[in-house]
Amino acid sequence: MRARQGDDGGFRQYVVYLAFVSILAVFALFLWDDGFLSGSNLLNIGRQAAPIAVMAVGMAFALGSAEIDLSVGSTVALSSLVAAVVVGDHGFLAGAVAAVATGVVVGLVNGFITVKIRIPSFLVTLGTLGIISGIARNMNNLQSMPIRDDTFSALFGAGSLGPVSSLVVWTIIVLVLGHFALHHLRWGRHVLATGANRESAKASGLNTDRIRISALVASATTAAFAGVLLAGRLAIGRHDLGENDLLTVIAAVVIGGTSLFGGRASIAGAVTGAVIMAMLNNGLILMGLEVADQLIARGVIIVLAVALSMRAPEES
């Protein structure tokens, strides 16, 4: 079996875009008077989608290699706190670098335990989720840590480039880098080959251990950068940032055409899936649904979208 990139997946590659257009059209029609298509609301959707989209890019590589990273939410929280601490002492650039470096360390730990001790990444990252969450909670005794560096906030979340939020600008940069890595670097092809059939990839001379570790590093690093973006937008580091984002990220990636079982990934699809999730949240709130009804509606839509994408015929 050969690796299948998201842009070569036949019908499957279009499902996420059809879902995007359909959901946009439905909400635009029924919520026209509520300002769904207003500039301010679309900007709000973009801001909500940005951190999820950034995490989804990294998760696409992890899933594409037939691994999974359940610790992304706690990594977001820890990186936001690291950013808050370092920015206060050493400035905005050092804060951002330290936060992203935190993600690299988390990814290396996840990867080495998974590969060298041979524990499934599902269990490894489930364990590190708790460890990292505990560290984050202990860093400031459950108290938020304010970030008073205006440059950091403007650059990584609260600012804009003309009419475009800096959150959206960073998301586009991560999208472009992720797409380039997947489609134009040997590493991207090797990630998918490893996910499609690890033994065949190993027999072909690929260092599958190193590739799996690097995919988990990519996931944790993008999660840490999402923490930087959230810290910049809110001007705080907090132990519970990203806490509820894991399932949203996985749903966005799978809806976008990445296989849960490895061998196929789509970066553009993952980002589109993140925008879909943000649109759903926004539209259901504007419709006035109670929280319980929002959860039900969102869950039904996600199940339908994932089922439709996974029913598309597999390539041989």
Side-chain angles (χ1 to χ4, degrees), residues 44-59 62 69-88 92 94-107 109-110 125-126 128-159 165-168 170-171 174 218-253 271 274-275 277-278 281-282 285 291:
N44 187 41
I45 291 173
R47 287 172 175 163
Q48 292 175 1
I52 299 298
V54 169
M55 284 188 273
V57 170
M59 184 67 78
D69 183 0
L70 302 182
S71 64
V72 290
S74 56
T75 302
V76 167
L78 181 60
S79 68
S80 75
L81 288 165
V82 170
V85 170
V86 178
V87 165
F92 75 95
V97 171
V100 172
T102 300
V104 174
V105 172
V106 170
V109 170
N110 288 340
T125 57
L126 183 62
T128 54
L129 181 159
I131 294 170
I132 298 166
S133 181
I135 294 172
R137 280 165 165 73
N138 284 330
M139 279 190 68
N140 203 37
N141 297 319
L142 301 181
Q143 300 299 310
S144 299
M145 300 182 68
I147 298 175
R148 297 187 174 90
D149 189 305
D150 293 338
T151 302
F152 181 90
S153 296
L155 184 59
F156 294 112
S165 168
S166 58
L167 287 170
V168 176
W170 282 115
T171 301
V174 173
S219 178
T221 301
T222 55
F225 188 62
V228 172
L229 296 180
L230 284 170
R233 179 186 177 189
L234 302 174
I236 58 171
R238 206 168 65 200
H239 69 275
D240 59 352
L241 286 183
E243 190 173 63
N244 300 316
D245 290 340
L246 173 62
L247 295 181
T248 304
V249 171
I250 293 176
V253 175
V271 172
V275 177
M277 300 303 295
N281 287 333
N282 182 272
I285 290 172
V291 173

Flag the pair [X] / [Y] as yes when at least one side-chain heavy-atom distance between them is below 4.5 Å, and no otherwise.
X	Y	answer
Asp245	Val72	no
Val106	Ile132	yes
Asp240	Leu142	no
Asn282	Gln48	yes
Met277	Val249	no
Arg233	Arg47	yes
Asn140	His239	no

Exercise. Take atom CG in Asp150; do more than 12 heavy atoms of anything else shown fall under 6.0 Å from it?
Worked result: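 Count not over threshold, so no.
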Rounded distance [0.5 Å steps], [atom1] in [X] versus [atom2] in [Y]:
X	Y	atom1	atom2	answer
Asp69	Leu126	CG	CG	11.0 Å
Thr171	Ile52	OG1	CD1	10.5 Å
Met55	Leu230	CE	CG	6.5 Å
Glu243	Ser74	CD	OG	9.5 Å
Ser71	Leu129	OG	CG	6.5 Å
Ile236	Gln143	CD1	CD	11.0 Å

Problem set entry | Plane angle bin for Trp170 and Phe156 - parallel if under 30°, tilted between 30 and 60°, otherwise perpendicular |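 Phe156 and Trp170: parallel rings.
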Which atom pair, heavy atoms only, marks the closest approach of [X] to [Y]?
X	Y	answer
Gly157	Ser166	N-OG, 3.2 Å
Asp149	Thr151	OD1-N, 2.9 Å
Ala49	Ala278	CB-CB, 3.7 Å
Ala252	Ala274	CB-N, 3.4 Å
Val76	Ser79	O-OG, 2.9 Å
Val275	Ile45	O-CG2, 4.5 Å

For this session: Check step by step if side-chain contact (heavy atoms from CB on, under 4.5 Å) holds for Ile147 and Phe92.
Result: CA-CA 10 Å; Ile147 298 175; Phe92 75 95; over 6 Å; no
Problem set entry | Thr128 versus Asn110, side-chain donor and acceptor atoms under 3.5 Å |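 Yes, side-chain donor-acceptor contact under 3.5 Å.
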Exercise. Short question: side chain of Ser219, backbone of Ala62 - any donor-acceptor pair under 3.5 Å?
Worked result: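 No, Ser219 side chain to Ala62 backbone: no donor-acceptor pair under 3.5 Å.
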For this session: Go through Thr75 and Thr221 one step at a time and tell me if the side-chain contact (heavy atoms from CB on, under 4.5 Å) criterion holds.
Result: CA-CA 9 Å; Thr75 302; Thr221 301; over 6 Å; no
